[in-house]
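Values reported hereafter were calculated over all heavy atoms of this structure, with side chains retained and with hydrogens, waters and symmetry mates removed. Whatever order the structure lists ligands and atoms in, that order sets their numbers, starting from 1.
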Amino acid sequence: MIIVLLGPPGSGKGTQAKMLTAKIGITHISMGDILRDAVAKKTPIGVEAEGYLAAGKLVPDSVTIKITGDRIKQPDCVNGFLLDGFPRTMQQAEALAHLLAEEKRGIDKVVYVSVPLELVVERLTGRLSCPKDGSVYHVKYNPPKIGNKCDVCGGELVSRKDDQKEVISNRFTVYEKQTKPLIDYYRAQGKLFKVDGSRSPEMVFEEIKKLVS
Ligand code: AMP
């Protein structure tokens, strides 16, 4: 099963991706996590990507397409995978279709997590992330149990640089212009399934589970 998760920043894609891949046993590929890891390790891709991430802009298509092409050929993708944060432009979507066609595969379902703008801003400005294991919290809706520490690994939680107010608005503009057109693109292919992401993570998950089963 090959699934794509689409949605604006703060729609809860990452949380749903983790829950779903754990449940159905397919590989979770988060482009944002891959890029943040590359930045932290100062790899050549990380050095190139850093400024884009900090400004809330998209990393060039050539970079993310190459990353995806390499990643989906790995053995852990043989039984299926879920793409979280890719594609984000029409060019990426077309490249993905080609990459999959080369292997005689195709996307089974695209899940679009829809959330109103006001809610997204509140979610992102209150989001806390663990740089060590990627766990995500929220100061109001899902606070860590002890102080500012990750419940899972004890790591010190941070607010992502691109979760600051000025950068959030850039990320939104980018989403509206570049990523939103993918909704119609996949709808026209009969692959799009829309879910209301403004509810609790558990309720959204219940619906997504039914959609992909
Ligand atoms: P995310 O964690 O999905 O919100 O992604 C964080 C940042 O990584 C984005 O704001 C972009 O700078 C970069 N990024 C993630 N996915 C892509 C993509 N498919 N194409 C270009 N840039 C991306």
For [atom], what's the nearest protein heavy-atom neighbour? Residue, atom name and distance, please.
atom                    : answer
atom 6 (C) of ligand 1  : Arg36 NH1, 3.5 Å
atom 12 (O) of ligand 1 : Lys57 O, 2.6 Å
atom 3 (O) of ligand 1  : Arg88 NH1, 2.9 Å
atom 23 (C) of ligand 1 : Leu35 CD1, 3.8 Å
atom 20 (N) of ligand 1 : Gln92 NE2, 2.9 Å

Is ligand 1 under 4.0 Å from a heavy atom in the side chain of [X], in the backbone, in both, or in neither?
X      : result
Gln178 : neither
Val174 : neither
Val59  : both
Thr64  : side chain

Test item, Lys13 contacting ligand 1 (heavy atom, 4.0 angstrom):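 Not so, Lys13 does not reach ligand 1.
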
Nitrogen or oxygen atoms of Asp33 and ligand 1 under 3.5 Å apart: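 Between Asp33 and ligand 1, no N or O pair is found under 3.5 Å apart.
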
Cationic N near anionic O, under 4.0 Å, Asp108 to Lys191: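 Salt bridge flag = no for Lys191 with Asp108.
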
Modelled atom types, side-chain donor and acceptor of Glu122 and Tyr141, under 3.5 Å: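 Note: Glu122 and Tyr141 side chains meet the donor-acceptor criterion.
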
Shared hydrophobic cluster, Val195 / Met1 (ILVMFWY, side-chain heavy atoms < 4.5 Å):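 Val195 and Met1: one cluster.
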
